[in-house]
S.K.: 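Have a look at this one.
Here the structure is a predicted model, which is why all the values come from computation and not from measurement.
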Amino acid sequence: MRKEELKTYIENHESEMIEDLKSLIRIPSEKQAAEPGKPFGAPAAEALAQGSRILEKYGFAVTNYDNYAIAADFNGEEKGLDILAHLDVVPAGEGWQETDPFTPLVKDGKMFGRGTADDKGPAIAAIYAMRAVKELGFPLKKNVRLVLGSDEECGSSDLEYYYKKETEAPCTFSPDAEFPVINIEKGGMRGHFEKASNAGTTGVRLVSLQAGTKLNVVPGKAYAELAGITKEALKACVDETEQKTGVSFVLEDAENGNIKITACGAFAHASTPEMGNNALTALLQLLASAGMEESELKNDIIFLGQVYPHGDAKGAALGVAMADEESGELTLSLDLMNYDGKTLTGSYDCRAPICATRENLYETAEQNMKKGGFAMEGSAMFPPHHVPADSPFVQTLLQCYTDVTGKPGKPFAIGGGTYVHHLKNGVAFGCADLEVDNRMHGADEFVEIECLKECVVIFAEAIVRICGE
């Protein structure tokens, strides 16, 4: 039985697989300044070179696309399947305890190191799947191509370059997410608004406000400066807002007699705003209750607190809440805001289901923002990515997953984007288990060795079923 042959194969080649993965982990391939012939810096180019050495060692012909990406073909037949993985990594970061980020360590059935789970481990699993199919002699009628990129973490310009030179395969999967299959990536809108706003010159007034670091990150911190009020006078509002929101506030005296406010919530990715606690929306709630003197700015703060109320992660108050059965609910988070004494600006990140249109999303949001006098200049929608769940490709991948793991497989939607978002028939397929926190992008990132071996079998099954049967 093929599955058993594949399991035996990877058991016999486990130590080689581990060593090959270690050779990639040792390369600190985060994006650096471009050099001649190395668009993402020397370490990223070296990671591609090491990937080429591994593939060539096992008999695969490799093409280097000017150090943007490399590609390895199984045979010279017509295209059947592309597998996309990447060898670049996020920065090492701090807080590592098990090992240094680029010193791979195998311990308790896990390999620790930056890139073990995202995405060098999955890339090695794909390489070994192709190697297993080749060395076990399973015939393929079509070609499977492995594409390894080097700029996924910073915008995927590697794939943009690659697909200017190559055409998309009939089927593509990327082992850069979770099992079973992600067949829908929500579309949405990046909403930007601004308005000239006068704070007045007397009484309690807002001097400045700043919140957020990136548009796709729910702000865990937000800052404001108030004039004309003392910490003691503000304390009752603070206590009430903390109780209602769960966000804490730190009050400090400024040198000019003003009060500095720091709102402390919890960061989260904008695709899952419910996982955080938005410091900015809590700060708006506090400011709206702080007794500011009547002014244009006070009215604007109250308005924004009404259309982006704390705890509303579904855009209900903005009038854009919606959902469909396939892709789930819309999410929306207010992530950036600034007031410099003259102009109030803000930006929100909205991830929308397939049923979203320009009329029911963009135009509705625009009309409701206009009620407060805010213009939405520079806002833009982006389309969802959807491969039907009942397509033969998705069903084949699900069956491979179930046959190897014994677990039921059902495709699902996410709010974020993956490496295949712009490909017509591309889905994300592994490698992470939804029940395991691999600490991707964090300290002590790891991959479970047994999981990696199982992925080899799953991917090899998919290769044979799509390209050989």
Side-chain angles (χ1 to χ4, degrees), residues 189 191-212 219 222-231 233-242 244-245 247 249 251 254 256-263 265 278-321 332-350 362-379:
M189 179 169 57
H192 308 284
F193 56 84
E194 67 176 76
K195 181 184 179 184
S197 193
N198 190 337
T201 57
T202 61
V204 181
R205 60 197 182 279
L206 180 64
V207 176
S208 65
L209 186 154
Q210 191 279 321
Y223 308 90
E225 184 174 327
L226 278 178
I229 194 170
T230 64
K231 287 192 291 186
L234 192 57
K235 189 176 187 308
C237 296
V238 166
D239 291 343
E240 181 180 5
T241 307
E242 287 183 338
K244 289 181 177 179
T245 66
V247 170
F249 295 89
L251 306 181
N256 55 9
N258 295 341
I259 302 299
K260 291 182 178 180
I261 306 171
T262 301
N278 195 314
L280 170 55
T281 55
L283 179 58
L284 290 176
Q285 184 169 319
L286 173 64
L287 294 174
S289 66
M292 287 193 290
E293 291 293 318
E294 289 299 324
S295 65
E296 185 179 19
L297 180 60
K298 176 185 178 180
N299 294 333
D300 292 337
I301 292 295
I302 292 173
F303 172 80
L304 292 175
Q306 290 171 341
V307 293
Y308 305 104
H310 189 77
D312 177 10
K314 299 177 182 179
L318 189 60
V320 297
L332 186 148
S333 61
L334 183 63
D335 296 334
L336 299 173
M337 189 168 288
N338 183 74
Y339 179 66
D340 60 4
K342 297 180 179 179
T343 304
L344 186 59
T345 62
S347 300
Y348 62 83
D349 186 311
C350 173
Y362 184 94
E363 292 181 5
T364 298
E366 183 180 43
Q367 290 167 6
N368 286 329
M369 289 301 294
K370 281 183 178 179
K371 293 177 182 178
F374 286 88
M376 279 181 46
E377 298 295 332
S379 302

S.K.: Indicate yes or no: at least one non-hydrogen side-chain atom of Leu226 is less than 4.5 angstrom from one of Val207.
M.R.: no
S.K.: Ala321: what forms a side-chain contact (heavy atoms from CB on, under 4.5 Å) with it, not counting sequence neighbours?
M.R.: Ala316
S.K.: Could you tell me if the side chain of Leu286 sits less than 4.5 Å from the side chain of Val238, heavy atoms only?
M.R.: yes
S.K.: Please report the interatomic distance CD(Glu363) to CG(Asn368), rounded to the nearest 0.5 Å.
M.R.: 12.0 Å
S.K.: Quick one: closest heavy-atom pair of Ala282 and Thr241, and the distance?
M.R.: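 It is O-CG2, 3.6 Å.
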S.K.: If you look only at pairs with a residue in residues 288-303, which of them pass as a side-chain hydrogen bond (donor to acceptor under 3.5 Å, both in side chains), with sequence neighbours excluded?
M.R.: Lys195-Asp300, Ser197-Asp300, Glu294-Lys298
S.K.: Out of curiosity, Lys235 NZ to Ile229 CD1, how far, rounded to the nearest 0.5 Å?
M.R.: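 The CD1 atom of Ile229 is 13.5 Å from NZ of Lys235, to the nearest 0.5 Å.
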S.K.: So, do Asp312 and Thr281 sit near enough that their side-chain heavy atoms are less than 4.5 Å apart?
M.R.: no
S.K.: Hey, does Val247 have a side-chain heavy atom less than 4.5 Å from the side chain of Gln285?
M.R.: no
S.K.: Could you go step by step and tell me if Leu280 and Tyr308 meet the side chain to side chain contact (heavy atoms under 4.5 Å, CB included) rule?
M.R.: CA-CA 10 Å; Leu280 170 55; Tyr308 305 104; over 6 Å; no
S.K.: Which value, rounded to the nearest 0.5 Å, describes the distance between Gln306 atom CD and Lys371 atom NZ?
M.R.: 11.5 Å
S.K.: Just grab all the side-chain hydrogen bond (donor to acceptor under 3.5 Å, both in side chains) pairs involving residues 337-348, residues at least two apart or on different chains.
M.R.: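 As it turns out, the side-chain hydrogen bond (donor to acceptor under 3.5 Å, both in side chains) pairs with a partner in residues 337-348, which skip direct neighbours, are His192-Ser347.
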S.K.: Within a strict 4.5 Å, meaning less than it, do heavy atoms of the Leu284 and His310 side chains meet?
M.R.: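 When only atoms from C-beta onward are counted, His310 and Leu284 do not touch, as no gap falls below 4.5 Å.
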S.K.: Counting only heavy atoms not in Lys231, do more than 12 fall under 6.0 Å of its NZ?
M.R.: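 Count over threshold, so yes.
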S.K.: Can a donor-acceptor pair be found, under 3.5 Å and without considering hydrogens, that links the side chain of Asn278 to the backbone of Ser333?
M.R.: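 Flag not set: sc Asn278 to bb Ser333 has no pair under 3.5 Å.
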S.K.: Between atom CG of Leu344 and atom CG of Asn198, what is the distance when rounded to the nearest 0.5 Å?
M.R.: 12.5 Å
S.K.: Taking the side chain as C-beta and beyond, is there a heavy-atom pair between Glu242 and Phe249 under 4.5 Å?
M.R.: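 Yes - at least one pair of side-chain heavy atoms lies under 4.5 Å apart.
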S.K.: When rounded to the nearest 0.5 angstrom, what is the spacing between CD in Glu225 and CG in Leu206?
M.R.: 9.0 Å
S.K.: Within the structure provided, determine whether Met189 and Leu332 are in side-chain contact (heavy-atom separation under 4.5 Å).
M.R.: no
S.K.: Is any side-chain heavy atom of Met337 closer than 4.5 Å to one of Leu283?
M.R.: no
S.K.: For residues Ala317 and Pro309, report the shortest heavy-atom separation together with the two atoms involved.
M.R.: CB-CD, 3.4 Å
S.K.: Say you draw a straight line from CE of Met376 to CD of Gln367; how long is it, rounded to the nearest 0.5 Å?
M.R.: 10.5 Å
